[in-house]
J.: 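This is the structure I want to talk about, given as structure tokens.
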Number of protein chains: 2
Amino acid sequence: MNLTLDQLNTAAPEEALQMLAGIYEHSPWIAEKALAQRPFKSLAALKHAMAQTVREAEPAQQLALIQAHPELAGKLAEQGQLTAESSHEQHTAGLKACSPEELAALQRLNAEYHAKFGWPFILAVRGPRGTGLTRQQIIATFARRLEGHADFERAECLRNIHRIAELRLNDRFGVEPTLGNQVWDCAELLAQHSDVEDALTVTYLTPAHIACQKQLAYWMRDCGFDEVEIDAVGNVVGVYHGTQEEAPRLLTGSHFDTVRNGGKYDGRLGIFVPMVCVRELHRQHKRLPFDIELIAFAEEEGQRYKATFLGSGAVIGHFDPSWLDQRDADGIAMRDAMATAGLDPKRISWMQRHPSRYLGFVEVHIEQGPVLNEIDLPLGVVTSINGSVRMLGEMVGTASHAGTTPMDRRRDAAAAVAELLLYVEKRAAQVPHLVGTVGMLEVPSGSINVVPGRCKFSLDIRATTDEVRDAMVHDVLAEIRAITQRRGLHCRLEETLRAPAAPSAPDWHRRWERAVESLGLPVHRMPSGAGHDAMKLHEVMPQAMLFLRGGNSGISHNPLETITSDDAQLCVEAFQTLLNQLAEERP
Amino acid sequence: MNLTLDQLNTAAPEEALQMLAGIYEHSPWIAEKALAQRPFKSLAALKHAMAQTVREAEPAQQLALIQAHPELAGKLAEQGQLTAESSHEQHTAGLKACSPEELAALQRLNAEYHAKFGWPFILAVRGPRGTGLTRQQIIATFARRLEGHADFERAECLRNIHRIAELRLNDRFGVEPTLGNQVWDCAELLAQHSDVEDALTVTYLTPAHIACQKQLAYWMRDCGFDEVEIDAVGNVVGVYHGTQEEAPRLLTGSHFDTVRNGGKYDGRLGIFVPMVCVRELHRQHKRLPFDIELIAFAEEEGQRYKATFLGSGAVIGHFDPSWLDQRDADGIAMRDAMATAGLDPKRISWMQRHPSRYLGFVEVHIEQGPVLNEIDLPLGVVTSINGSVRMLGEMVGTASHAGTTPMDRRRDAAAAVAELLLYVEKRAAQVPHLVGTVGMLEVPSGSINVVPGRCKFSLDIRATTDEVRDAMVHDVLAEIRAITQRRGLHCRLEETLRAPAAPSAPDWHRRWERAVESLGLPVHRMPSGAGHDAMKLHEVMPQAMLFLRGGNSGISHNPLETITSDDAQLCVEAFQTLLNQLAEERP
């Protein structure tokens, strides 16, 4: 018999505690403390309350919780002394069917890990719907995490414990993230198309890209979109009709191209989530008072050609015809790539949407950062897409002999850049949501015994408002002047990008907030440090974004990019709530 | 009629001032102040006193001195308004025969230079014996210096003014640096042999290297060396017999191989100077009470094979036979290169000298650093060849999105290395003659929008004593631990070299000091930051080195490496004095 939230909310304290027994391994104090927050509005709220309890506990208590877990395929498993839950999970992951070599590898990793960190390695080995990590994946993750820093690894163990607890709660409450699983499956299937064999790379108009287009168009039709077409730049556009033919539409979507060796969710999540919502509406024969127009943008990452935001740019009339003459690394002009794909560049200018025909634009996206992951929240409401400035620089000093040039007679270009880098770090840290990065750093042809005469570097500065960003740029330039003057060097600097900030439209932002609240979750407001298609749409219509937590510390542009289907479920539900709100606003 | 030093020393003040009129352009105050130091022991002492007067002047006075000079091929020259001296110098450099294009280039450079620095470009255009820079060289130097920093360029103008004054004084006193010119000529001639066409590169046993061997052997015989041979590793060894057949010999020499795209004096100066001394002894039919053994070492730089100090190493019995199997970039084994050159590796072990047969080893070398250049002194006495430690490191953090990762959640590997670099700089600056360098620095595959997850770097730490060096290494390692702990990173570090310091033998050091004093010059004691052949000989016998100032801020391992024949003359004279001292010590 499955438990219900109502049962939990109304049970006597002892009884309620029993209902949550074993959710966190050997640690009933977590359930006890979390239950003080009853009644829970949703299962998500319960999960969050329990995770929050662990977050707020003393470090020693957190460590005891980690220590309470068994090793993977360890001695306890051999001796049959695991808890029922652990035993089931390790069995599902096939850990009882390890080959002798795999067992030896796991035992060696267990020993090394324990020697380094002093606690057992913890990994949520189950995936959605009973699927899970393979033994090979488990061993690879183990080896990777063994390389990490203790602080990070302790937090990563706690996050895996919360994920284990989530799966155990799903079992106990008989809950399956059905819609989240649909998102998960779409991501898995679409990721099978790639330009290269053993990594996910889908760049503009390659065969893999066109296969993705076709797949997306097929899915949109299958979900019940009334109109589906591939437009002149290769975007896949689906329209689900509303009841009022002439009413302004809701526009949504994101991109399906990827960076080289990228992740499965960057961009694509923002296509799958509204797709699943429309599938649900269609399944229930529901029509809203407005059309939903979903665009799977063909290009955002700027990987094959130097132009970025090709897809969303074309929709707002910002397609520069000179881009057609750009050539990729193989010398293929964009114009020819488009012809091969059956696209007609002459039709691009006709794609431009008239803003008055739209309510606004919403985009769901994976966070691509660590914040939600670290605060144990699945969703974040975006306040603004940060404005950014990028620069490439070269510090020029004098190369000289590392042995014969006294310290006070050097013009060390690398030391000057080091000073600048630490200034950038310190200056950015003074203002919330301001970030500054020196991502490229190189002494060209540096030698171990030569004082660097040149040092190349990059600067990337982003803030929620252009004013905050420009104030930092101003200070950084002043600091460069001060450093070069003091050290007797000079610095060449070229601004390569200046993108204005795109604050979310307040009413749209509030709709996302209400959607998150309706799930029983606290609202976390955050800026988007990365650029998104919404940034382009921002130029012509109101927009607001919703972020979904990424696993593995929110790593993105990387094969380690991941989400859970439970989080995806919450994301779909938030989108559904947003649609309902809009419908209620338009009688 | 040439002036004599005696005339200058005994003249009435007004008269003496007149004798030095026009040596420094429109600036009689320099002569006036310097003359207060009469009597001068040598012309070098007079030159030094005048340069010192400028050094000690107020910055405004120095600037006025620079401003007093005409532009090269400028308006004054067109209008015939140069001083007699300037007119003669610009004429000698062929500046009056400029093509219209060259004139236009010079005028454009004059304008840009003046706009940037606010004073005229000053370059000593005359070389030894009336030769000088070509118009093309002048234009190239002009363009290069235009790129420099104002502080450096002001100092460089003053140094050129001193050089102009030196040439004018030589004219007035009818002095020609005859022996210095011989050194200069040897350097020019030997530099015609190179492995490559448009740069000076002479690596072990290439055809250019063998041509150098032959040239050196020819010169040694021509200078009057009694025995000249090419030994088993390719060193060229000359012995000039003394009067006492069984007395211990004086050993001297340096290397004739070069780095790729190197300079004409690095190593070679230490061959030419004793060669010229022996030529003079032989010309005067003089024999000393001891033999002089000069070795032109075949290999010091480690360019073709990974072994360094092959030449001096073999002499002290440190030739490792496993080196014979090393292969160069073309796959040619050292053993085969030696066979082709007619060398017999089996004879190498027989080359080992018995220390009891030698008085000691002295080596003359270009400074390869900026110190003597900056203090306007031609010679420096080496106190110690620094001990060094080299390390290669890699800082490992976590790559993450530059836009979405808040400053307080980063594990930026480049920022950690930047901190380390500035620590190394600060720590080394606290102790005289201690140097620390991060010469290699790179974020591998860095992207403008990615927080660096890895950063590679090198460390090079050198000090006059091993204790001082090791104390810094200790502190740097502690700092790395502190940085990695605080920032949550880890650092891989590999020590690639550890060479002990080689302090000069006190009695040999004093002989060099007395030699410098005898020239009327102040003694400047300094460590050698670079390694030299003397470091190897140090392991078996007393040694001491003398440094000669390099031009162009002492740049070395570079085609800009240069000296003047006046400085080379002083170097030969110092070596002669050292020989005389040794002779006097051994009746």
Side-chain angles (χ1 to χ4, degrees), chain A residues 149 151-152 367-371 374 386 388 390 392 396 398 400-409 411-412 414-415 417-419 421-422 425 428-429 433 435-443 446-452 455 458 460 462 488-490 528-531 553-557, chain B residues 147 149 151-152 367-371 374 386 388 390 392 398 400-409 411-412 414-415 417-419 421-422 425 428-429 433 435-443 446-452 455 458 460 462 488-490 528-531 553-557:
Chain A
H149 187 270
D151 293 348
F152 171 81
E367 181 200 344
Q368 302 185 278
V371 177
E374 290 197 4
N386 283 354
S388 65
R390 291 184 182 175
L392 291 176
V396 182
T398 307
S400 60
H401 196 296
T404 59
T405 318
M407 298 311 291
D408 60 353
R409 293 203 175 76
R411 296 186 191 279
D412 184 332
V417 176
E419 247 193 272
L421 193 164
L422 294 178
E425 190 182 42
H433 304 311
V435 286
T437 307
V438 174
M440 296 160 78
L441 179 66
E442 191 194 358
V443 173
S447 294
I448 200 164
N449 59 347
V450 177
V451 178
C455 186
S458 65
D460 180 314
R462 313 194 197 194
L489 303 156
H490 75 267
S528 167
S553 300
I555 196 166
S556 182
H557 286 187
Chain B
E147 286 296 299
H149 187 270
D151 293 347
F152 171 81
E367 180 199 345
Q368 302 184 280
V371 176
E374 290 196 4
N386 283 355
S388 65
R390 291 184 183 176
L392 291 175
T398 306
S400 60
H401 196 296
T404 59
T405 317
M407 298 311 289
D408 60 354
R409 292 202 175 75
R411 297 188 190 277
D412 185 333
V417 176
E419 247 192 89
L421 194 164
L422 295 177
E425 190 182 41
H433 304 310
V435 287
T437 307
V438 174
M440 296 159 79
L441 179 66
E442 191 195 357
V443 173
S447 293
I448 200 164
N449 59 347
V450 177
V451 178
C455 185
S458 65
D460 180 313
R462 312 194 197 194
L489 304 154
H490 74 267
S528 167
S553 300
I555 195 165
S556 181
H557 286 188

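The structure presented is a predicted model; accordingly, all values stated were derived computationally and were not measured. Just so you know, these numbers use all the heavy atoms, side chains as well, and skip hydrogens, waters and symmetry mates. We name chains A, B, ... by the order of the sequence lines, and we start the count at 1 in each one.
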J.: Using a cut-off of under 4.5 Å for heavy-atom pairs, which of B/Ala429, B/Ser388, B/Ala415 has the most such pairs with chain A?
T.: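 The option with the most such pairs is B/Ala415.
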J.: Is A/Leu392 close to chain B through its backbone or its side chain, or both, or neither, when contacts mean heavy atoms under 4.5 Å?
T.: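 Side chain of A/Leu392 only, per the 4.5 Å heavy-atom cut-off to chain B.
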J.: Checking heavy atoms, do the side chain of A/Val450, its backbone, both or neither come under 4.5 Å from chain B?
T.: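 Contact with chain B is through the backbone of A/Val450 alone.
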J.: I need the residue from A/Gly369, A/Ala530, A/Ser553 with the largest number of non-hydrogen atom pairs under 4.5 Å to chain B.
T.: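 Most heavy-atom pairs within the cutoff with chain B belong to A/Ala530.
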J.: Given the options B/Gly436, B/Ser400, B/Ser528, which has more heavy-atom pairs under 4.5 Å with chain A than any of the others?
T.: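 Looking at each option in turn, the highest pair count goes to B/Gly436.
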J.: For a quick test of reading the model, state the closest non-hydrogen atom pair linking B/Glu442 to A/Glu442 and the distance between them.
T.: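 Here B/Glu442 and A/Glu442 meet closest at CG-CG, 3.8 Å.
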J.: Which one of B/Gly488, B/Ser556, B/Gly531 has the most heavy-atom pairs closer than 4.5 Å to chain A?
T.: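 Top count of heavy-atom pairs under 4.5 Å with chain A: B/Gly488.
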J.: Looking only at heavy atoms and a cut-off of under 4.5 Å, which of B/Asp151, B/Thr398, B/Asn386, B/Leu422 has the most pairs with chain A?
T.: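 Maximum pair count with chain A is reached by B/Leu422.
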J.: Locate the shortest heavy-atom distance separating A/Thr404 from B/Pro370; write the atom from each residue and the value.
T.: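 Heavy-atom minimum between the residues: O-CD, 3.7 Å.
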J.: Measuring heavy-atom distances to chain B, does A/Val435 have an atom under 4.5 Å in its side chain, in its backbone, in both, or in neither?
T.: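 Both the backbone and the side chain of A/Val435 come within 4.5 Å of chain B.
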J.: Is there side-chain contact between B/Asn449 and A/Arg390, with at least one heavy-atom pair below 4.5 Å?
T.: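 Side-chain contact under 4.5 Å: yes.
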J.: Specify which of A/Asp460, A/Ile555, A/Ile448 makes the most heavy-atom pairs with chain B at under 4.5 Å.
T.: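 If we count pairs closer than 4.5 Å to chain B, A/Ile448 comes out on top.
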J.: In the structure I gave you, are the side-chain heavy atoms of B/Ser447 and A/Ser458 within less than 4.5 Å of one another anywhere?
T.: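 Side-chain contact under 4.5 Å: no.
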J.: Measure the CD-CG distance between A/Glu374 and B/Asp408 for me, rounded to the nearest 0.5 Å.
T.: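 Those atoms lie 8.0 Å apart.
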J.: Is the shortest heavy-atom distance from the side chain of B/Met407 to the side chain of A/Glu425 under 4.5 Å?
T.: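 B/Met407 vs A/Glu425: side chains touch.
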J.: Minimum heavy-atom separation for B/Gly439 and A/Pro452, please, with both atom names.
T.: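 Reported closest heavy-atom pair: O-CG, 3.8 Å.
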J.: Using non-hydrogen atoms and a 4.5 Å limit, figure out which bit of A/Leu421 sits close to chain B: side chain, backbone, both or neither.
T.: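 Just the side chain, heavy atoms under 4.5 Å.
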J.: Please name the pair of heavy atoms, one in A/Thr437 and one in B/Val451, separated by the smallest distance, quoted to 0.1 Å.
T.: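 Of all heavy-atom pairs spanning A/Thr437 and B/Val451, the closest is CG2-CA, 4.0 Å.
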J.: Identify which of B/His557, B/Met440, B/Glu419 forms the greatest number of heavy-atom pairs closer than 4.5 Å to chain A.
T.: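 Highest number of pairs under 4.5 Å: B/Met440.
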J.: I'd like to verify something: which residue of B/Cys455, B/Gly554, B/Ala428 has the highest number of heavy-atom pairs under 4.5 Å with chain A?
T.: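 Among the listed options, the one with the most contacts to chain A is B/Ala428.
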J.: Please look at B/Val438 and chain A and tell me whether the side chain, the backbone, both or neither of the residue comes under 4.5 angstrom of a heavy atom of that chain.
T.: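 Interface part for B/Val438: backbone (N, CA, C, O).
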J.: Looking only at heavy atoms, which two atoms of A/His401 and B/Gln368 are closest? And how far apart?
T.: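 Looks like CB-O, 3.5 Å.
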